[in-house]
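Note sheet for the following structure.
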2 protein chains.
Amino acid sequence: MPERKPRKDAARNREAVLAAADALFARGGSPDDVTMADVAAAAGVGKGTLFRAFGDRPGLLRALYEARLEPLREAVESGPPPLGPGTPPEQRVPALLDAVLCFKLDNRRLALALEESGTGSPYQAEHYRHWHGLLRAVLEQIPGLSDSAFTAHALLAATRADLVEHLAGPEGLPRERLRAQLADFTARVLASGTRKGPPSAEG
Amino acid sequence: MPERKPRKDAARNREAVLAAADALFARGGSPDDVTMADVAAAAGVGKGTLFRAFGDRPGLLRALYEARLEPLREAVESGPPPLGPGTPPEQRVPALLDAVLCFKLDNRRLALALEESGTGSPYQAEHYRHWHGLLRAVLEQIPGLSDSAFTAHALLAATRADLVEHLAGPEGLPRERLRAQLADFTARVLASGTRKGPPSAEG
DNA sequence: TTACAAAGCGGACCATGGGTCCGTATCGTC
DNA sequence: GACGATACGGACCCATGGTCCGCTTTGTAA
C-alpha cells in the first residue's frame, strides 16, 4: 500500500489550510477562538475539504505541529552537538530541554492549542512519546540517576505549553531568563547524581 | 454584603448536585463523558438549578475540588508535621509534594476533569496559586536554592493530573512506586542546592 | 392559617462548533 | 473527448454548555 499520491488540487488545498491555520494561531488570542470553520474560510476551502485532509481538529493541530517540529527533530537525530547524537549525555540533556523550551516559546499558541485540544491526554501523543523516549535514553547513560523514565517525564513537565505560556507571556519573564531558570533546574537534577566536580553549568 | 443564607431547598439541591457529580466522576471513563445534563439528571434537579448554583461547568468542578481539598488544606495550614507549619523546610517540601500526589491519586478523574476542562490555563486557578505560593515560600527558606518560583512550578508540574493518570493507571505504576519516584526526584532537586554556591548562569 | 413576595425550580429553548453527506466539479488517463 | 476516480464545499446534523421564564416552594408577617 504505497499510498498513491494525492491529486494536485488536494495537495494545494492541504498547503493552503496549513498556511491559514498557522497564520490564525499565530494571531494572539486563545487557541480555541480559532474554529475549524475559521480555518476553512481563511484557507478559501470548504469544511469538508479541511476534514477530509486532516480527519479532525487534533489531526490538523498535529500536522501543523509536526511540520514545525521537523527541523528540530532533524537536528536532534542527525545534527551536530550539542543536540545531535554525538554529544555526551551530561550536555545533551540540558540542550534537549532548552531546545524544547525554545520551540514552545516560538510556537506558543500552537503548542497550547495542541496540548489543550488534544485527544485526551497529551501523554498519548506520538510526539510526546518520541521526546520522552529520547530523553529517557540519554538520561539512562548518566551514572547515578535512577528512574530515568520518571525523571524524563518530570523534566519535560517543566516545559509544558501552558506553564511556558503562564510564565513567558504576556508581560512575563523574558525568554533568556526562563531559559536560564530551566537550565539551572536541569543542572540541579543532574548534578545530584554525580558526585564529582561541578558539571560546568553552561549549555 | 453579608450574603444572606440560602433557602433550605437550595442548600439541599446544592448538596445533591455535589454528591451526584462526585459519584459520576468517580465512575471510570473520560471526565468529559460526564455532561452537565447527566449531573443534573443524577441529582434529580433541572439544569437551571445546577447552573444557578455553580455558574458553569468549571464552577462545579472547582466547588467539588475545593470540597475534597479542604482536609488537606487544613492539615497544611494548621496541622502537625510533616505537613503543618512547624516543619523544617527540607522535610516539608517533600511532604507537601507527596500530599499533592496522593491527593491526585485519590481523586484522579476529578483532578483530570478540572485541569482539562478548566477555564483556560490551570495556572490561573486559585487553588494552583495557593499551592504554588506556599511551596515557593517554603523553598525560599532552603539555603542554596535560587529561583524558588520556577522551582515550585517545576516540582508541581511533576504532579500534574494528566501525568499522574498516565503513569498510575490503568495498569500502570503502583501507588507506592510513584510516590517513591517523586520523592527521589524531589530529593535530587533539593540536595543539589545545599552543597555549594549557586552554579547558575543567571540570577 | 392565610396571604404574598422573594427565592428557587426545571426543562424547553438557544447558540456554537465539531463533524458528516452527497450532488457537483475537477483531475488525469486512455 | 470521454469517462471513472478523486476531491470539493457548504448545507446539514447533533451534542453540549448555557439561558429564560412561567410555575412552585419557602419564609414571614398579619
Side-chain angles (χ1 to χ4, degrees), chain A residues 1-21 24-25 27 29-64 109 112-120, chain B residues 1-21 24-25 27 29-64 109 112-120:
Chain A
M1 57 264 354
E3 54 185 60
R4 54 190 176 285
K5 64 187 172 190
R7 247 167 55 173
K8 82 170 176 231
D9 53 350
R12 177 170 38 75
N13 279 332
R14 185 186 172 89
E15 290 312 307
V17 167
L18 281 173
L24 285 183
F25 281 115
R27 280 227 265 285
S30 179
D32 43 40
D33 284 349
V34 179
T35 72
M36 294 302 268
D38 289 341
V39 174
V45 304
K47 282 178 65 178
T49 302
L50 198 169
F51 279 97
R52 195 168 333 94
F54 297 98
D56 54 11
R57 186 178 159 95
L60 170 60
L61 274 319
R62 231 177 298 130
L64 255 178
R109 332 296 309 177
L112 212 48
L114 186 68
E115 276 188 22
E116 81 184 22
S117 167
T119 312
Chain B
M1 59 264 304
E3 53 185 58
R4 55 193 175 286
K5 65 184 174 191
R7 249 167 54 172
K8 82 171 175 228
D9 52 350
R12 177 172 35 77
N13 279 332
R14 185 186 171 89
E15 290 311 307
V17 166
L18 282 173
L24 285 182
F25 281 114
R27 280 227 266 283
S30 181
D32 43 37
D33 283 350
V34 179
T35 73
M36 295 301 268
D38 289 341
V39 175
V45 305
K47 283 178 61 176
T49 302
L50 197 169
F51 279 97
R52 196 169 330 95
F54 297 97
D56 54 10
R57 188 179 157 97
L60 170 61
L61 274 320
R62 230 179 299 131
L64 254 180
R109 331 297 308 177
L112 211 48
L114 187 68
E115 277 189 22
E116 83 182 23
S117 167
T119 313

Calculate the interatomic distance between [X] atom [atom1] and [N] atom [atom2]; express it in whole Å.
X     : N      : atom1 : atom2 : answer
B/D33 : D/dA15 : CG    : C1'   : 12 Å
A/D32 : D/dT16 : CG    : P     : 18 Å
B/F51 : C/dG8  : CZ    : C1'   : 17 Å
A/L50 : C/dT20 : CG    : C1'   : 13 Å
B/L60 : D/dT16 : CG    : P     : 16 Å

So, A/R109 side chain and A/R27 main chain: donor-acceptor pair closer than 3.5 Å or not? no

For a quick test of reading the model: is some side-chain N or O of [X] closer than 4.0 Å to OP1 or OP2 of [N]?
X     : N      : value
A/R7  : C/dT26 : no
B/K8  : D/dT26 : no
A/R57 : C/dG18 : yes

Please list, in numerical order, the residues of residues 9-21 of chain A that have a heavy atom closer than 4.0 Å to any atom of DNA chain C. A/D9

Test side-chain contact (heavy atoms from CB on, under 4.5 Å) on A/R62 and A/F54; report intermediate values, then the result. CA-CA 9 Å; A/R62 231 177 298 130; A/F54 297 98; over 6 Å; no

Taking for each residue the nucleotide of DNA chain D bearing the nearest heavy atom, is the 5' side occupied by B/D56 or by A/G44? A/G44

Between A/V34 and A/R52, which has a closest nucleotide on DNA chain C that is more 5'? A/V34

Listed pairs, N/O of protein and of nucleotides 12-14 of chain C, under 3.5 Å:
none

[X] to [Y] - nearest heavy-atom pair and separation:
X     : Y     : answer
A/N13 : A/V45 : OD1-CG1, 3.4 Å
A/A20 : A/V39 : CB-O, 4.1 Å
B/F25 : B/V34 : CE2-CB, 3.9 Å

Scan residues 46-56 of chain A for pairs that pass side chain to side chain donor-acceptor pair (under 3.5 Å), counting only residues two or more places apart or in two chains. none

Determine the contact category for A/T49: base if any of its heavy atoms lies under 4.0 Å from a base atom, sugar-phosphate if only primed atoms, P, OP1 or OP2 are that close, otherwise nothing. base

Does a side-chain heavy-atom distance below 4.5 Å link A/R12 with A/D9? yes

Value for CZ (A/R57) from CG (A/L114), rounded to nearest 0.5 Å, stands at 10.0 Å

Only one of A/L24, A/L61, A/L112 clears side-chain contact (heavy atoms from CB on, under 4.5 Å) with A/P31; which? A/L112

